[in-house]
Amino acid sequence: MGKQAGGGKAGGKGTPATVAATRAGIAFTLHSYEPDPAAESYGEAAADALGVPHDRIFKTLLAEVDGRLTVGVVPVSGTLDLKALAAAAGGKKAAMAQPRDAERATGYVVGGISPLGQRRRLPTVIDASVSALATVYVSAGRRGLQIELVPADLVALTGAAVAPIARE
């Protein structure tokens, strides 16, 4: 299970997420693991494989807020509160996006969607619990690869708002 520190690229070419982090000049660590194709929750499977508490690995979910794709980033230990996401994004109504729409907009496959390096920049809201952590893990752009970084860098790189959008 490899670790790579300080802005390195995975395997020499990296994913759009690692390239974005490298270009921004931020410090990060990559954590790889063998993904379980039968896992019901990719995030929980990643946490278990890496031995990381579920509240430190955040999943990236896409919803439509008043018809506009919006990214919600919440701990894998919780669920996305769609009403809270809509309010945080300045909208009234939210519904989960179709997986193919999420993949098309981000350039990533479901289970490997990263909030970093998406095909086009979408409005992003990260759950407020991120602020209490020294570092946070998010998908590095493919199943089996997580990127660990400081929450402030995650917020800055995504241009995200931080609000309570998760519920246990």
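Hydrophobic clustering of Ile, Leu, Val, Met, Phe, Trp and Tyr side chains at less than 4.5 Å, counting indirect connections, keeps L85 apart from L62. No path of Ile, Leu, Val, Met, Phe, Trp and Tyr side chains, each step under 4.5 Å between heavy atoms, connects V109 with L145, placing them in separate hydrophobic clusters.
When all heavy atoms of H54 and A47 are compared, the closest pair comes out as CD2-CB, 3.4 Å. Annotation for G43 and I57: closest pair O-CG2, 4.2 Å, computed over non-hydrogen atoms. Counting all heavy atoms, side chain and backbone alike, A97 lies closest to L69 at CB-CD2, 3.6 Å. Annotation for S139 and G112: closest pair OG-O, 3.1 Å, computed over non-hydrogen atoms. Closest approach of A128 and P164 over heavy atoms only: CB-N, 3.8 Å. Of all non-hydrogen atoms in L157 and A21, the two that sit nearest each other are CD1-CA, 4.1 Å.
Although no hydrogens or angles enter the test, the distance criterion places a donor-acceptor pair under 3.5 Å between the side chain of D127 and the main chain of A166. Checked by atom type and distance alone, the side chain of E103 pairs as donor or acceptor with a backbone atom of V110 at under 3.5 Å. No donor-acceptor pair closer than 3.5 Å links the side chain of R56 to the backbone N or O of L133. For the pair T18 (side chain) and G14 (backbone), a donor-acceptor distance under 3.5 Å is absent. Side-chain atoms of T15 come within 3.5 Å of backbone N or O of A140 as a donor-acceptor pair. In this structure, T124 contributes its side chain and A160 its backbone to no donor-acceptor pair below 3.5 Å.
For the pair F58 and V76, the minimum side-chain heavy-atom distance is 4.5 Å or more. With a 4.5 Å cut-off on side-chain heavy atoms, V162 and V155 count as touching. Annotation: side chain of V71 is not in contact with side chain of L61 (no heavy-atom distance under 4.5 Å). Contact annotation: the side chain of Y137 never approaches that of I147 to less than 4.5 Å [non-hydrogen atoms, C-beta and beyond]. Side-chain contact between T79 and V74 is absent, with no heavy-atom pair separated by less than 4.5 Å. At a threshold of 4.5 Å between non-hydrogen side-chain atoms, the residues Y33 and Q146 count as touching. Counting heavy atoms from C-beta on, the side chains of Y42 and K59 never come closer than 4.5 Å. The closest side-chain heavy-atom distance from Q118 to Y108 is below 4.5 Å.
No more than 12 heavy atoms of other residues, nucleotides or ligands shown are found within 6.0 angstrom of CZ on R23.
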_Assess the residue pair T22 and F28 against the criterion (side chain to side chain contact (heavy atoms under 4.5 Å, CB included)); give the C-alpha distance rounded to whole Å, side-chain angles, the decisive distance to 0.1 Å, and a yes or no._
CA-CA 9 Å; T22 300; F28 63 87; 3.6 Å; yes
*Just do the side chain to side chain contact (heavy atoms under 4.5 Å, CB included) check on V125 and V73 with the steps written out, would you?*
CA-CA 6 Å; V125 182; V73 184; over 6 Å; no
*Test log, rule side chain to side chain contact (heavy atoms under 4.5 Å, CB included), inputs L154 and V136*: CA-CA 8 Å; L154 175 62; V136 63; 3.9 Å; yes
_Between E148 and L30, does the side chain to side chain contact (heavy atoms under 4.5 Å, CB included) criterion hold? Intermediate values first, please._
CA-CA 6 Å; E148 179 184 6; L30 291 177; over 6 Å; no
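With rounding to the nearest 0.5 angstrom, the CG atom of L116 is 12.0 Å from the OG1 atom of T106.
For residues 64-87, the set of pairs meeting the salt bridge (charged side-chain N to carboxylate O under 4.0 Å, His left out) definition, not counting sequence neighbours, comprises D81-R167.
Shown are S114, P115, P123; of these, the side-chain contact (heavy atoms from CB on, under 4.5 Å) with T158 is made only by P115.
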